[in-house]
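Below you'll find the structure, written out as C-alpha cells, and then a few comments.
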Amino acid sequence: MKYHRIKCNLYKAEGNSWEQMAEELLSFAVREERVVRLVLFTRCTDNQEYKFQRSFLEQWVERHFVSPRPVVSLVAQKPLVANLVLEVHSLVEATDEALTIEEQFTSSSSVRYLRITTAHYKEIIAGGLCADDLNLPVREQSEQAFRKVEEILKAEQMNFGDIVRQWNYLERITDITHGNQCYQDFNDVRTLFYASSAWESGYPAATGIGTQYGGILIDFNAVSGEVDIVPLDNDWQRAAHVYSDEVLISHRADTEKGTPKFERGKSVSDRRQEVIYISGTAAIRGEESVTTGDVLSQTEITLENIQHLIGLEEGRENLPEHSGRLGLLRVYLKNEEDAPAVKADLDKLCPDLPIAYLYADVCREELLIEIEGIAYL
C-alpha cells in the first residue's frame, strides 16, 4: 500500500496589475499535474474587492483547468516579500498503485470538493468553505462554514474525526465583540460541531490565523482507510485542546468556553514514508506566551518548538542541513516591518526552503509571529 503524499509549491509575483499577477501565477499552476488545491494570498482593501478577486480566481480555474479542477481559496493576507503569492498543492506522481481523483458536489449546497481514492484509502480535499454573507457575525459565519464541512463529510460517509489537516482563516481574529474574542466565538462553534465525533486519532493539525478581510474561511484534508494517522504532541507545550480558562478570552456568562481543538501536528504514513502536518506554532511554552517583545527571539523559540515536535533537535546551528526535510513554511507576521529581519534569519536557517511571508494577526495580542508547515520524513 502506498500513501500518495501531497507536495506544495510556491509561486510569487510582483510589479503588475492584480489581474496580470494572478494570471501569471495561475499559468504556472495549470502546467503542474494532479493539482488538488490552490491558495492565493492577496492584499485587498475591503470585502467588496475580496469578492471580486475570489470570483476572478474561481472563473479562471473553471476556464483553464479540466476536471478534476483543484479547489480554490482566496486568503486576504497581504504578502510581505512579493505582491501576490500562490501556494499549489499537488499529488506526487506514483505508478505502482491505481489512483483516481474525482470532482464532487454536495447535494444541497453544491459545494465542490475532490475525492482521491485508491484500493486502500480515501482522501477528501476541500477549500474555500465560507458563509454566503461575509457581514454576518462571526458565530453565524462559523456555523455556516462548519455545516458545509459536515455536509461533505457525511456525503463521503466520514466524520470530523477523519480530518487530518484544517486551516481556519478569521477576519479580525482578535477583535472583541459582545464580550468574546472573535477567535473564541469560532472555537465555541468548532467545539459544538466536533462533539459529534470520537476522535480516535486525535484532533486535526490546524491553524487559526487572522486575515484582513474574507470573513470565516475553512480548508481541510480528511483521510480514511489503511493509513497510519498519529497525533503529534509536544511536551514543551500544553495541548491546545486542554488549555485552561485563563488563556481563553471570553467574558460571557451564558456559554462555556470552547478550547482550540487541534493537535500540535499530525502524521500520515504508509510505513515507508511519512507526511507531517505542522500546526500553526508560536512562542508558547506550557500554555503561556514567551513574550520578549523581540520578533527574532520569538522566531527562535517557535522554530525550536517545531524542531522538537518533528524530532529534528540537533540545535539551531544544524538546522540548515536538516531543513530539507521541511517541504514548505508559512510565516505569519503581526507587524509588516518585521519581515526583512525574519526573512534574513530564516534564509540562513532554512536555505532553499519555500517560505511565504504573510501579514496576519496572530490569535494572541502579545505574539508577533506564527509558523506552520509540512515535513517529509
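Every residue two or more places apart in sequence or in another chain was checked for a side-chain hydrogen bond (donor to acceptor under 3.5 Å, both in side chains) with E337, and none qualifies. Scored by the side-chain hydrogen bond (donor to acceptor under 3.5 Å, both in side chains) test, K122 finds E156 as partners (sequence neighbours excluded). Qualifying side-chain hydrogen bond (donor to acceptor under 3.5 Å, both in side chains) partners for N16, counting only residues two or more places apart in sequence or in other chains: none. The side-chain hydrogen bond (donor to acceptor under 3.5 Å, both in side chains) search around Q144 returns none, not counting sequence neighbours.
Counting only distance, with no hydrogens or angles, the side chain of Y376 and the backbone of Q273 share no donor-acceptor pair below 3.5 Å. Panel note: side chain Q181, backbone I176; no donor-acceptor pair is recorded below 3.5 Å. Not a single donor-acceptor pair under 3.5 Å links the side chain of E263 to the backbone N or O of P204. Checked by atom type and distance alone, the side chain of R37 pairs as donor or acceptor with a backbone atom of F220 at under 3.5 Å. Checked by atom type and distance alone, the side chain of S142 pairs as donor or acceptor with a backbone atom of V138 at under 3.5 Å.
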Determine all donor-acceptor pairs shorter than 3.5 Å in which one atom belongs to a side chain in residues 73-87; sequence neighbours excluded.
from : atom 1 : to   : atom 2 : distance (Å)
S73  : OG     : G128 : N      : 2.9
S73  : OG     : D219 : OD1    : 2.7
S73  : OG     : D219 : OD2    : 2.9
Q77  : NE2    : G210 : O      : 2.9
K78  : NZ     : E336 : OE1    : 2.7
N83  : OD1    : G15  : N      : 2.9
E87  : OE1    : R330 : NE     : 2.9
E87  : OE2    : H89  : NE2    : 2.7
E87  : OE2    : R330 : NH2    : 2.8

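Within 6.0 Å of CD on Q48 lie no more than 12 heavy atoms contributed by other residues, nucleotides or ligands. Atom CG of D352 is surrounded by 12 or fewer heavy atoms from other residues, nucleotides or ligands within 6.0 Å. Shown here is E62, whose CD atom has no more than 12 heavy atoms of other residues, nucleotides or ligands within 6.0 Å.
In this structure, a donor-acceptor pair under 3.5 Å is absent between the side chains of S27 and E23. Judged purely by distance below 3.5 Å, without hydrogens or angles, the side chains of T211 and E171 never pair a donor atom with an acceptor atom. At a cut-off of 3.5 Å, with distance as the only test, no side-chain donor of N305 or Q307 sits close to an acceptor on the other residue. In this model, no donor atom of one side chain and acceptor atom of the other lie less than 3.5 Å apart for D270 and H120. A donor-acceptor contact under 3.5 angstrom links the side chains of T100 and T117, judged on distance only. Between Y277 and E372, the side chains place no donor N or O within less than 3.5 Å of an acceptor N or O (distance only, hydrogens not considered). Side-chain contact check for R165 and T207: at least one donor-acceptor pair (N or O, by modelled atom type) lies under 3.5 Å.
Summarising the geometry, atom CG belonging to L358 is positioned 9.0 Å from atom CD1 belonging to I209; distances are rounded to the nearest 0.5 Å.
The residues K343 and D338 are annotated as not salt-bridged, no charged nitrogen and carboxylate oxygen being separated by less than 4.0 angstrom.
Ring pair F146/F193: centre-to-centre distance below 6.0 Å. Under the 6.0 Å cut-off for aromatic ring centres, Y203 and F262 do not qualify, their centroids lying 6.0 Å or more apart.
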* Is there a side-chain hydrogen bond (donor to acceptor under 3.5 Å, both in side chains) between E49 and N47 once you walk through the steps? -> CA-CA 5 Å; E49 184 177 14; N47 272 326; over 6 Å; no
* To do: Could you walk me through whether R5 and E123 pass salt bridge (Lys or Arg N to Asp or Glu O under 4.0 Å), step by step?
  => CA-CA 10 Å; R5 70 186 191 186; E123 182 160 9; over 6 Å; no
* Could you please spell out the steps behind the salt bridge (Lys or Arg N to Asp or Glu O under 4.0 Å) verdict for D132 and K148? => CA-CA 11 Å; D132 298 327; K148 292 178 180 179; 3.5 Å; yes
* Check the pair S17 / Q20 against side-chain hydrogen bond (donor to acceptor under 3.5 Å, both in side chains), numbers first and verdict last. => CA-CA 5 Å; S17 70; Q20 288 173 318; 3.1 Å; yes
* Asked: Does the side-chain hydrogen bond (donor to acceptor under 3.5 Å, both in side chains) test come out yes or no for Q53 and T42, once each step is laid out?
  -> CA-CA 9 Å; Q53 293 181 2; T42 185; 2.7 Å; yes
* **Criterion salt bridge (Lys or Arg N to Asp or Glu O under 4.0 Å) on D361 and K334, from CA distance to verdict** => CA-CA 5 Å; D361 203 358; K334 180 165 288 187; 3.4 Å; yes
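Using cut-offs of 30° and 60° for the angle between ring planes, the F186 and Y183 rings count as parallel.
Contact check for Q184 versus D188: side-chain heavy atoms found under the 4.5 Å cut-off.
Pairs of residues two or more places apart, or lying in two chains, that qualify as ring pair (Phe, Tyr, Trp, His ring centres under 6.0 Å) and include a residue from residues 149-171 are F160-Y194.
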